[in-house]
Amino acid sequence: MCGMPSGESTPASVHESEPVRPTGEDRVAAAGSELIGGPLGRHALTGRSWWTPVRVIALVAIGMFALGLVQKAPCYNGAWFFGASSQYTHACYSDIPHLYQGRGFADGLVPYFDRLPGDMQYLEYPVLTGLFMEVAAWITPGGGSIQDQAQWYWVINAGMLMVCAAVIAVCVTRTHGRRPWDALLVALAPALALTATVNWDLLAVALTAAAMLMWSRGRSLAFGVLLGLATAAKLYPVLLLGPLLVLCWRAGRWREYGRALGGAVVAWAVVNVPVMLFAFDGWSKFYAFSRERGVDFGSFWLILSQNSSDPLSTDTVNTLAVLLVLLCCAGIAALTLTAPRRPRFAQLAFLVVAAFVLTNKVYSPQYVLWLVPLAALARPKWRDFLVWQACEVAYFLGIWMHLAYTTSGDAQKGLPTDGYHWAIGLHLLGTLYLCAMVVRDILTPERDPVRRSGEDDPSGGVLDGAEDVFVLGPAARPARPVAHFEGPQVEWGTTGATGGSL
């Protein structure tokens, strides 16, 4: 049986040495650094001033977030409230001010317990997100017009979401101890600035990033609690338990996985069960809405539907989407157990969330936030990250221009349906491209920017440097160097002999 590198094969000095500088190993990062004076010198003093990486990156993230707020200024000053299409032509739409009145917060209704007027009978968000929205409503001043209140509601939510953005930046900075500057990918991500205040997704993203940090520190119970809270805010974080299960299976770390799973279940239940018991109809609205919602913006299902004379029913799409994501998860599991070296947790976390995004029947613009921190940890390569971000920015503009087209009446100003389909295709291709790069890194670890520095899995916690106890196929044979690969070949260390392989 082939094993992972032993503790002796990953020396402590690797983890205690100076932080990795992206400008020294990434050509795009080095070229970009010319804007601020060029790459950092080998003998520069680092870590000896107030300007530590975590503080710099947190401030950069806040600065980019602020630029995103400025981008929403045309809507804040009127486009949210006047004119059907101006909020789309300015690409500054946000759900937040619209749902302040539309979901009863302006009238003091209690989410999940009080029935809403209109077609949407209850709030269609998970409980922890509903609490976040309600807290912002409590803080919102009650005087003035409904427009004034909605503006204040957006500002207060923006402030709370800015805290979430800073938390994400700090957590990603600290997750890979020797690679703190990789978090600049998150802080400078254009998609984060553009979509941060479209909805409330940053709450779940921040909790997920904190959970990843806890797992990297070997705190499996804290990871589970934070992941359970993240799942109480948005459904996607629960997906991370799948690849973690397979990784722990390969490494034989069942006790740690049990703690993580138990913490997640208990934390989710603490938030959800009280509402479930006393307001079941309101609590279940999120799940019913997700099931009943038809094919919507951003998905390849929409392209199929709008180009078909006999579109698939919602039930059929639900079934097919579930089957597709399960097929993807099975492929990720097979990749995990057969890869020549056990994949890093961040790599698999990115792949499983990306699979969900690609196969889902809807892709709202802010869903890109789910992937940004995971992408920075999975593939910290500036070229690939920026290629993907360019595709996402193009999609961000495409959906608003398409909505401007559909709401402009006879003027038909904006992006027609065929053009919008190209924008969807660009989003899909960009995400698939980044997935392909991550899979290539798994199959040929010499190409992995993280592992080329000699590390195993800095975000893996108890998995970092652990021996394998169960592998399949190619994993039972030593990895071979990549043909025609230019760069240092990494020695993966000795192998264990703790079990059999198939």
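The structure displayed is predicted, hence computed values, not measured ones. Scope of the values below: all heavy atoms of this structure, side chains included, with no hydrogens, waters or symmetry mates.
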*asked:* Pair Y433, V438 - check side-chain contact (heavy atoms from CB on, under 4.5 Å), show working.
replied: CA-CA 9 Å; Y433 168 75; V438 172; over 6 Å; no
*Show your working on side-chain contact (heavy atoms from CB on, under 4.5 Å) between L348 and L247 and close with a plain yes or no.*
CA-CA 9 Å; L348 297 186; L247 287 171; 3.6 Å; yes
_Applying side-chain contact (heavy atoms from CB on, under 4.5 Å) to Y76 and L69, what does each step give before you reach the verdict?_
CA-CA 9 Å; Y76 180 85; L69 301 185; over 6 Å; no
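Relative ring orientation between Y125 and W200 is described as perpendicular, the plane-to-plane angle rising above 60° on a 0-90° scale split at 30° and 60°. Ring-plane geometry between W400 and F396 is classed as perpendicular, the angle between the planes exceeding 60 degrees on a 0 to 90 degree scale with a lower cut at 30.
Between the side chains of T89 and S86, no donor-acceptor pair is found at a separation under 3.5 Å.
Put simply, the side chain of K72 never gets that close to the backbone of L67: no donor and acceptor are under 3.5 Å apart. Of the possible polar contacts, one joining the N307 side chain to the I303 backbone as a donor-acceptor pair under 3.5 Å is found. Between the side chain of T208 and the main chain of A204, a donor-acceptor pair closer than 3.5 Å is present. Without hydrogens or angle criteria, R217 side chain to T175 main chain gives no donor-acceptor distance under 3.5 Å. Panel note: side chain W80, backbone C92; a donor-acceptor pair is recorded below 3.5 Å. In this structure, the side chain of S145 engages the main chain of D148 through a donor-acceptor pair within 3.5 Å.
Aromatic rings of Y93 and H98 (six-membered ring for Trp) have centroids within the 6.0 Å cut-off, being under it.
Each of F356, W370, Y395 was evaluated against Y363; a single residue qualifies, Y395, per the ring-ring contact (aromatic ring centres under 6.0 Å, His included) test.
Side-chain contact check for W388 versus H427: every heavy-atom pair is 4.5 Å or farther apart.
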